[in-house]
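Here the structure comes first, spelled out in structure tokens, and everything after it is commentary.
Atom set for the values below is all heavy atoms of this structure, side chains included, hydrogens, waters and symmetry mates excluded. Numbers here simply count residues along the sequence, with the first being 1.
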Amino acid sequence: QKVFGREAPLVFEVGFGMGDSLATMARNEPDKNFIGIEVHPPGVANLLKLIEINNISNLRIYNADVMEVLSQCIGLEEIDRVQIYFPDPWPKKRHHKRRLIQPDFLELLKPRMKSSALLHVATDWEDYAEQTLELLNETVGLTNSVSDGFVPRPDYRPLTKFEKRGIGLGHSIYDLVFVSK
């Protein structure tokens with residue numbers, strides 16, 4: 001709230017890529033504050049350019065590792081919505097341990113989410129979607145927003161570059177929305 005100079009729901013996006021969809025969401029939801037985390041400098045530079053061109057005032061960026069940002073910069077019960085769209089799938093089985101959505105990440109994230117906050121994950125990799133669904137279902141303090149696992153793409157989430165690429169490759173898209181307790 002200090003950084004934005006106002007009180008508003010906080011949307012926290014992890015891995016915004018080149019930032020196009022995050023800039024679109026921030027423009028479409030001016031009543032919310034957005035924080036984007038990205039380690040890829042060209043993506044950060046592109047989003048900074050989009051913020052300037054579009055005069056977006058409700059979006060801030062961290063060019064840092066999300067674990068550091070969560071542990072050092074985000075207070076308890078501050079986040080209203082977490083967005084993780086098309087994270088690196090690390091498709092080789094021996095690399096699955098590198099995937100972002102792991103128990104240690106969730107344990108750091110959960111206390112920073114308000115009660116009834118949303119955790120929204122989207123991927124076009126079926127095995128990552130199934131692994132994430134299983135992990136989130138097992139995570140104490142999170143409840144699936146639907147009974148059958150996946151939800152249709154919510155209106156607030158624009159199509160992303162990686163989503164379009166996945167669709168072009170014939171992949172299905174999997175959206176998960178969980179609610180914190």
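Judged by the 6.0 Å and 45° rule, R165 forms no cation-pi pair with F86.
Every salt bridge (charged side-chain N to carboxylate O under 4.0 Å, His left out) that R99 has, sequence neighbours left out, goes to D127. For the side chain to side chain contact (heavy atoms under 4.5 Å, CB included) test, residues two or more places apart in sequence or in another chain that qualify with R153 are R157, L159, E163, D175. Looking at residues two or more places apart in sequence or on another chain, you find no salt bridge (charged side-chain N to carboxylate O under 4.0 Å, His left out) involving E68. With sequence neighbours excluded, no residue forms a side-chain hydrogen bond (donor to acceptor under 3.5 Å, both in side chains) with R112. For K181, the salt bridge (charged side-chain N to carboxylate O under 4.0 Å, His left out) test picks out no residue, with sequence neighbours left out. Partners of D80 according to the salt bridge (charged side-chain N to carboxylate O under 4.0 Å, His left out) rule, which considers only residues two or more places apart in sequence or in another chain, are K114.
With hydrogens and angles disregarded, no donor-acceptor distance shorter than 3.5 Å links the side chain of E38 to the backbone of N63. Here the side chain of S145 pairs a donor or acceptor atom with the backbone of V177 at under 3.5 angstrom. Looking only at distances, a side-chain donor or acceptor of S180 sits under 3.5 Å from a matching main-chain atom of A117. At distances below 3.5 Å, not a single donor-acceptor pair connects side-chain atoms of R6 with backbone N or O atoms of V3.
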- Task: With side chain to side chain contact (heavy atoms under 4.5 Å, CB included) as the test, would you mind laying out the steps for F12 and Q83 before giving the verdict?
- Result: CA-CA 6 Å; F12 187 81; Q83 304 176 162; over 6 Å; no
- Could you walk me through whether I74 and I35 pass the side chain to side chain contact (heavy atoms under 4.5 Å, CB included) check? CA-CA 10 Å; I74 306 298; I35 292 178; 4.2 Å; yes
- Message: I'd like to know whether F162 forms a side chain to side chain contact (heavy atoms under 4.5 Å, CB included) with I167, so could you lay out the CA-CA distance, the side-chain angles of the two residues, the decisive distance to 0.1 Å, and finally the verdict.
- Response: CA-CA 9 Å; F162 287 106; I167 291 169; over 6 Å; no
- Message: Walk me through whether D88 and L100 qualify under side chain to side chain contact (heavy atoms under 4.5 Å, CB included).
- Response: CA-CA 8 Å; D88 192 331; L100 173 65; over 6 Å; no
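S172 is not listed as a side-chain neighbour of E126, based on a closest heavy-atom distance of 4.5 Å or more. Taking the side chain as every heavy atom from C-beta outward, E29 and V11 never approach each other to under 4.5 Å. The closest side-chain heavy-atom distance from I101 to Y128 is below 4.5 Å. Residues D20 and L50 form a side-chain contact, since some pair of their non-hydrogen atoms from C-beta on lies under 4.5 Å apart. L70 places a side-chain heavy atom less than 4.5 Å from the side chain of F105. Contact check for E13 versus F34: no side-chain heavy atoms found under the 4.5 Å cut-off.
Here H120 and F178 keep their ring centres 6.0 angstrom or further from each other.
The local environment of CG in D104 is crowded, with over 12 non-hydrogen atoms from other residues, nucleotides or ligands closer than 6.0 Å.
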